[in-house]
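Here is the structure we will look at.
In what follows, every heavy atom counts, from backbone to side chain, and hydrogens, waters and symmetry copies are set aside.
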Amino acid sequence: MNRFIAPNPAVPRYFSYEDGRTYLPIGQNLCFVRHSEQYTEEEVFALFHRWMRRLAENGGNFARVWLGTPFFDVMPEHPGEFSAENRAHVLKIVEFAEELGLKLKFTLEHFRRVAPSAGSDVEQFPGAVNFNKPLYSGLADSMRDYLASDRCRELYLAKAQFLAEAGIGDSPAVIAWELWNEINCIGSIDEIRAWSDFMLPRLRKMFPHQMVVQNLGSFSGDETFRWYDYLAEQPCNDFLQVHRYLDPGAALDVCRGSVDQLAADSIRELLDRDAGRPAILAEVGAVEASHSSYSHLYELDREGTLLHDQLFAPFFAGSAGSGQSWHWDELYIDRHDLWYHFRRFARAVEGIDPVAEAFRPFHTETHRLRLWGLRGKSHLLLWCRDKTSNWQSELQRNIPAEVLSGESIPVPENATEGSCYLPWEDRWRELRCREGRGELPPFRRSIVVKIPLVTV
C-alpha cells in the first residue's frame, strides 16, 4: 500500500513520506465556519483561506476539517441524493491546501442524534454546529439503530465514494480520513467496535493512498480508559488520537491542572497502550465545567499561554507532532492573533529528524522546572516548563510570569555544549555545560534545550 504519508516502517511512532523523509505535523483544527448558513459562499471560503494561510505562513503544515457540516455535507437533505455543489466546496479546500502546502485530515461525520426535530439539537456551546441529522429519522429511530442498519452503512459508504470519485483520494494534500468525531458519544463499545471494524477496512480500500483513523471523546474520566483500550486494539486504525481539555468539571485530576501536564499525560496514555503507532493529541483546549461552554480563560489569555503548552507538551512527551488546538476562530486563536505560536514551535524543532533520532521520551523535574525530554541517537531534546507559572497564576490571579535566572538542569556527563531556544523571545542562546549540569540563560515560562550527544 503506497500512501502519501504513513507511519515510518522502521520507527513507527513517527510519520514519513513515501520516499522516507520525516513528516512532523504542526497543525490545528479548522473544522468549520460557525453559523455558515449566515455567510455567502465567498465569505466562507475567504474565512477558510485566511485561517489556512495564517497557519501556513507561521510554519503550520496540517489542518483538520469536518465534512458533515452544512457547507461540506455531500448528502445534505435526502438519503442517496448527493450535492455536487458541496463536493465542489470540499475540492476548493483541497485546492487551498495544495496551494499553501498544508496536509488535511477530513472528518466524515459528527452527528449524535437522528431526531426529526432540530429544536434543541445544537450543542450547548455558543456558535457550535448542529449535532442532529434528521434525514436519517425515516431509517433509524436512534443512533443505536443507525449503527446497526445495513442501509445507513450503505449511505455512509456512498457519501465517501462520492468524494472519492472526485479524485480527492489522489491528492497528496489529503493524508487521512477520520470516520467520526468522538464516536463513543453515539453507542456502546460493542456497537462502536462492530461499526468501526466494518468501516475501517472499506475506507482503506476506497482511499488506498491515505490513512484512515477513528477517534474518541475527551479523555477526562475513568470510564474513558476502556474506550482508549479499544482504540489501541483496532488494527486498521493507522495512528492513535486522543482528545483532552482543561475542564474544571472533569473526573480526572490531571484535566484540572496545568496544561502541559494534561497534554503530556494524554500522550503517555496512548503510548502505554501501543508504542508502535504515532500518537497525536488531536483536540485540546479549555472549557467550562463538563464542556458546558468554551472557557472564560480565552478572553484573558491574550499572550497564548494555553496554546503554547498545547503545542509543545505533546511532542516533547513522545507525540508524532504538535498538539492540535480547538477554538481556532473568533473564540480564541484568531481573536487574539496567536498564529505566531505555530512558528515558535516550528523553529524549536527545525533541523530535528525524529525518525533518524528514534527518540525515546522521558520526564523528570528539578525544584522549579518540569522537564519533558526526548533522548535520540545524536541529540537530547528538552522542553523545560516553569512549575509556578500556569493558567491559575497568570489568568486567574493575574500574577505575571517571572523571568527565571540561574536555573540549571542535569545533562550527560560528557556534554560540553548545547543550544537553547527561548520561545517567548523567539531567539536562540548558548547552553553552557559543565560537570553534568547545563546552565540555562534567563527565560520566562519555558525553554527548549538541544544537546548533541557525544559517543565514546
Side-chain angles (χ1 to χ4, degrees), residues 4-5 15 17 23-67 69-72 85-107 127 129 166-168 170-176 178 210 280 282-285 294 298 301-304 306-308 310-312 315 321-350 423 426:
F4 300 125
I5 289 173
F15 297 108
Y17 293 91
Y23 172 67
L24 197 164
I26 302 172
Q28 177 64 23
N29 287 276
L30 302 177
C31 293
F32 46 76
V33 172
R34 301 176 199 274
H35 303 301
S36 61
E37 66 280 2
Q38 299 178 12
Y39 296 87
T40 66
E41 180 183 66
E42 291 75 16
E43 288 171 332
V44 172
F45 281 138
L47 278 170
F48 263 109
H49 193 269
R50 184 166 63 79
W51 295 336
M52 295 170 75
R53 177 178 54 79
R54 294 291 285 134
L55 178 63
E57 66 190 12
N58 280 284
N61 60 17
F62 173 86
R64 178 192 184 207
V65 177
W66 285 16
L67 298 187
T69 55
F71 193 71
F72 297 121
E85 179 183 11
N86 284 359
R87 185 170 66 177
H89 292 169
V90 179
L91 288 168
K92 191 68 173 178
I93 297 301
V94 175
E95 181 184 318
F96 289 165
E98 292 172 344
E99 167 199 334
L100 296 167
L102 295 176
K103 305 300 182 184
L104 297 173
K105 178 178 68 179
F106 281 138
T107 305
V129 293
I168 298 175
D170 298 322
S171 172
V174 181
I175 63 169
E178 186 173 64
Q210 294 146 339
I280 293 290
E283 267 191 37
V284 58
Y294 61 89
Y298 287 154
D301 190 23
R302 307 296 178 87
E303 288 190 80
L306 298 170
L307 176 60
H308 171 81
Q310 293 164 10
L311 288 169
F312 278 74
F315 176 74
S322 73
Q324 296 165 5
S325 297
W326 191 255
H327 301 122
W328 59 91
D329 50 5
E330 73 273 9
L331 300 183
Y332 180 47
I333 292 177
D334 201 48
R335 178 176 187 170
H336 299 314
D337 195 20
L338 299 175
W339 301 102
Y340 65 90
H341 282 281
F342 295 91
R343 172 65 65 187
R344 304 288 172 87
F345 177 82
R347 286 177 176 165
V349 300
E350 189 174 9
D426 191 23

Requested in this report: Tell me, please, which residues at least two apart from R87 pass salt bridge (Lys or Arg N to Asp or Glu O under 4.0 Å).
Outcome: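 Not a single residue meets the salt bridge (Lys or Arg N to Asp or Glu O under 4.0 Å) criterion with R87.
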Closest approach of [X] to [Y] (non-hydrogen atoms, all atoms of both residues):
{"X": "S171", "Y": "F4", "value": "O-CE1, 3.5 Å"}
{"X": "L91", "Y": "A166", "value": "CD2-O, 4.0 Å"}
{"X": "V90", "Y": "I168", "value": "CG1-CD1, 3.7 Å"}
{"X": "P70", "Y": "N86", "value": "O-ND2, 3.2 Å"}
{"X": "S322", "Y": "F345", "value": "CB-CE2, 3.7 Å"}
{"X": "S325", "Y": "I333", "value": "CB-CD1, 4.1 Å"}

Query raised in the report: To the nearest 0.5 Å, what is the distance between CG (D301) and CG (L338)?
Result: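 Between D301 CG and L338 CG, I get 7.0 Å after rounding to 0.5 Å.
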Between [X] (side chain only) and [Y] (backbone N and O only), is there a donor and an acceptor less than 3.5 Å apart?
{"X": "N29", "Y": "V284", "answer": "no"}
{"X": "E98", "Y": "A173", "answer": "no"}
{"X": "R343", "Y": "E57", "answer": "yes"}

Answer yes or no: is there a side-chain heavy-atom contact under 4.5 Å between [X] and [Y]?
{"X": "M52", "Y": "L104", "value": "yes"}
{"X": "K103", "Y": "Y23", "value": "yes"}
{"X": "C31", "Y": "W326", "value": "yes"}

According to side chain to side chain donor-acceptor pair (under 3.5 Å), who are the partners of [X], at least two apart in sequence or on a separate chain?
{"X": "Q324", "value": "none"}
{"X": "E178", "value": "R64, K105, T107, N215, Q241"}
{"X": "T69", "value": "none"}

**Report entry** Candidates W339, F312, Y332, W328 - the one meeting side-chain contact (heavy atoms from CB on, under 4.5 Å) with L307
**Finding:**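 One option only clears the test, and that one is Y332.
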Report task. Scan L24, I175, I280 and name whichever one has a side-chain contact (heavy atoms from CB on, under 4.5 Å) with F15. Result ->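 With F15 as partner, L24, I175, I280 yield a single side-chain contact (heavy atoms from CB on, under 4.5 Å), made by I280.
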Report task. Show your working on side chain to side chain contact (heavy atoms under 4.5 Å, CB included) between H327 and R335 and close with a plain yes or no. Result -> CA-CA 10 Å; H327 301 122; R335 178 176 187 170; over 6 Å; no
Report task. Check step by step if salt bridge (charged side-chain N to carboxylate O under 4.0 Å, His left out) holds for R347 and E350. Result -> CA-CA 5 Å; R347 286 177 176 165; E350 189 174 9; 5.8 Å; no
Query - Sequence neighbours excluded - salt bridge (Lys or Arg N to Asp or Glu O under 4.0 Å) pairs with any residue from residues 38-51 - result: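 Residue pairs with at least one partner in residues 38-51: R50-D334.
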Requested in this report: Answer yes or no: are there more than 12 heavy-atom neighbours, outside Y39 itself, under 6.0 Å from its atom OH?
Outcome: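 12 or below, so no.
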Query - Derivation and outcome, ring-ring contact (aromatic ring centres under 6.0 Å, His included), residues F71 and F45 - result: CA-CA 10 Å; F71 193 71; F45 281 138; 5.2 Å; yes
Report task. Over 60° means perpendicular and under 30° means parallel, so classify the ring planes of Y294 and Y298, tilted if in between. Result ->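 Rings of Y298 and Y294: parallel, under 30°.
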Query raised in the report: Who pairs with A56 by side chain to side chain contact (heavy atoms under 4.5 Å, CB included), at least two apart in sequence or on another chain?
Result: L100, L102
**Report entry** Verdict with reasoning, E99 to H49, per side-chain hydrogen bond (donor to acceptor under 3.5 Å, both in side chains)
**Finding:** CA-CA 10 Å; E99 167 199 334; H49 193 269; 3.1 Å; yes
Requested in this report: Examine the side chains of H341 and Q310 and answer whether a donor and an acceptor come within less than 3.5 Å of each other.
Outcome: no
**Report entry** Audit row: F72, F106, ring-ring contact (aromatic ring centres under 6.0 Å, His included) steps and yes/no
**Finding:** CA-CA 11 Å; F72 297 121; F106 281 138; 7.5 Å; no
